[in-house]
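Treat the numbers as computed from the prediction; the structure is a model and nothing was measured. Below, chains carry the letters A, B, ... as their sequence lines are ordered, and counting in each starts from 1.
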There are 2 protein chains.
Amino acid sequence: MFFVHLYFIKLTVNQVYMKLQLQIKMNEALFLRNPESSELGKNILKHSIQLIHKSGFETFTFKKLAEDIGTTEAGIYRYFENKHKLLVYLTAWYWGWLEFQISFHTNNINDPIVKLKKVIKLLASAVADDEQTSYINESLLHQIIITEGSKAYLTKQVGEDNKQQFFKPYKDLCAVIGNIILECNPKYKYPKSLGSTIIEMAHFQNFFMNNLPSLTDFGKTKKEAEIVFFLNDLVFSSLKKS
Amino acid sequence: MFFVHLYFIKLTVNQVYMKLQLQIKMNEALFLRNPESSELGKNILKHSIQLIHKSGFETFTFKKLAEDIGTTEAGIYRYFENKHKLLVYLTAWYWGWLEFQISFHTNNINDPIVKLKKVIKLLASAVADDEQTSYINESLLHQIIITEGSKAYLTKQVGEDNKQQFFKPYKDLCAVIGNIILECNPKYKYPKSLGSTIIEMAHFQNFFMNNLPSLTDFGKTKKEAEIVFFLNDLVFSSLKKS
DNA sequence: TATTTATGATAGTATTACTATCTTATAAAA
DNA sequence: TTTTATAAGATAGTAATACTATCATAAATA
């Protein structure tokens, strides 16, 4: 039922340059034609990220996207039913990618506290685009998710979309974080809610810091590192065994 | 620059039935004609709340609203420039109303911890509609804010809107909560961020609980009281003086 | 070589998001 | 009381959005 999204990781181990292929499973119900299977599809992903980042999801249309790519509106509709599905696709890809980043960067860490700190840092820090990789600019995508991500589920269709498993990557990520939280303190009562709080606040505090700074304590420096400090304080106060 | 929105509070003091008038200042730049100044205007507020609650902000149009009220599209446009302004108006009204609720219900409380607990309860609990009052159904509005509230600021125009003070009620509320937090612990470093976290999570955990329950620990009971427990635990662990 | 498949080109429709104008009812000012 | 603002209803119209349908062609595959 699922097929495979390739993502490349470059490693240099003992002077040997390696290239791994990470597989992010994408839900087939999110598209009509697999955007990763053709040049046009890849262009749809690449240019939609650029366009949404530039002018926001509300003003984003398939017409503008088609003009940007140099194809026709009908061409886009062969890949995605509508722009909502495309947004859900992009968010699902992002959460899947982030879950991999987390498992990759916490792989050899045993201490759950160190692990959770790493997760918070990965969530709250800007990502560098891996130029080499693909048609997906992770840095721009990260910024899109901050501003547009919650629009993927804050709809009346959330129940229908959820039945079709569109939010599985988000829920999986939340479960991963919830489990690390339980490793830190097996008696903590709200691992999943704290997990979703960390995810959402890593992004919302970033949005607030840059757009409505008086809602945060980071308005002066506007440094993401401060969000990390705040979240660390919040999380580890809660998990302290008393 | 501001004018006045009347909201009625009924009190029974020593057998004497009293009616107070609360004034919620609404930013004039949010509308073209004051919706509180006429029957049509009040109908726009009343029916827009019903319609947005019923089918969501995305599918909500001024055409449908006009049909619902029994007026014309052009009639609506005389009050609000577009549906975004109307949404911002409704959210601003809600935050202003909530700030009053908070100051009213914490008025005689000295202990900042008790005060903060009251705030969390007010934020995370469903509100009963005050039938008598007005054309605004606070209960429906509360549910709208949960699902649609963040769409008021998660836009590319957030900077422009902010310059026009559209988010002042939200920021004022956040400042009020931040100050109570500082009363609890003057050394706490993130009062405003914790304030906005409480506000957002009171709503997001509610949305998740009802729509994506695996993102929370309240999926089984679906009781708002559990969100209050979670937030209390989160907040007061952080504020504990160590 | 035949045939499937993806794309391009073009057209068309219903709905959305407005703007404009003209008329009538009403209420306030002269 | 007459004049005159003002709000609202009625109607029309336009550009953009969100699609769907059809036909031709080029490339890949059988």
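- For the pair A/K83 and A/F60, the NZ or CZ position fails the cation-pi test of under 6.0 Å to the six-membered ring centre and within 45 degrees of the ring normal.
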Going 5' to 3' through nucleotides 25-30 of chain D and flagging B where a protein heavy-atom sits under 4.0 Å of the base, S where only the sugar-phosphate is that close, and - otherwise, we get ------
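- Considering every non-hydrogen atom in both B/K121 and B/S125, the closest pair reads O-OG, 2.7 Å.
- There is a side-chain donor-acceptor pair under 3.5 Å between A/S38 and A/Y79.
- Aromatic ring orientation, B/F204 versus B/F208: perpendicular (interplanar angle above 60°, classes split at 30° and 60°).
- Residue-to-nucleotide proximity on DNA chain D shows that, of B/R33 and B/T72, the 5′-proximal contact is made by B/R33.
- Using a 4.0 Å cut-off between a side-chain N of Lys or Arg and a carboxylate O of Asp or Glu, B/E58 and B/K151 qualify as a salt bridge.
- As a whole-Å value, the separation of A/L86 CG from D/dA18 P is 12 Å.
- Counting any heavy atom pair closer than 4.0 Å across all strands shown, B/F80 reaches no nucleic acid atom.
- C/dT7 atom C1' lies 13 Å from atom CG of A/N43, rounded to whole Å.
- Residue B/K42 contributes atom NZ, which lies 11 Å from atom P of D/dA8 at whole-angstrom precision.
- Using a 4.0 Å cut-off between a side-chain N of Lys or Arg and a carboxylate O of Asp or Glu, B/E67 and B/K64 do not qualify as a salt bridge.
- Judged by distance alone, the side chains of A/K168 and A/N162 never bring a donor and an acceptor atom under 3.5 Å apart.
- When A/I52, A/T71, A/L51 are each tested for a side chain to side chain contact (heavy atoms under 4.5 Å, CB included) with A/L65, only one passes: A/L51.
- Classified by interplanar angle (parallel below 30°, tilted 30° to 60°, perpendicular above 60°), the ring pair A/F31/A/F80 is perpendicular.
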Output a table of nitrogen or oxygen pairs between the protein and nucleotides 25-29 of chain C separated by less than 3.5 Å.
none

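- With rounding to whole Å, A/L32 atom CG is found 14 Å from C/dA6 atom C1'.
- Remark: C1' of D/dG9 and CD1 of B/I69 are 13 Å apart, rounded to the nearest angstrom.
- Salt-bridge check for B/K223 with B/E226: failed, with every basic side-chain N at 4.0 Å or more from each acidic carboxylate O.
- At the phosphate of C/dT7, OP1 or OP2 sits under 4.0 Å from a side-chain N or O atom of A/Y79.
- Centroid-to-centroid, the aromatic rings of A/H142 and A/W95 stay 6.0 Å apart or farther.
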Show the distances under 3.5 angstrom between N or O atoms of the protein and N or O atoms of nucleotides 13-22 of chain C.
unit_1: C/dC18; atom_1: O5'; unit_2: B/Y77; atom_2: OH; d: 3.2
unit_1: C/dC18; atom_1: N4; unit_2: B/E73; atom_2: OE1; d: 3.2

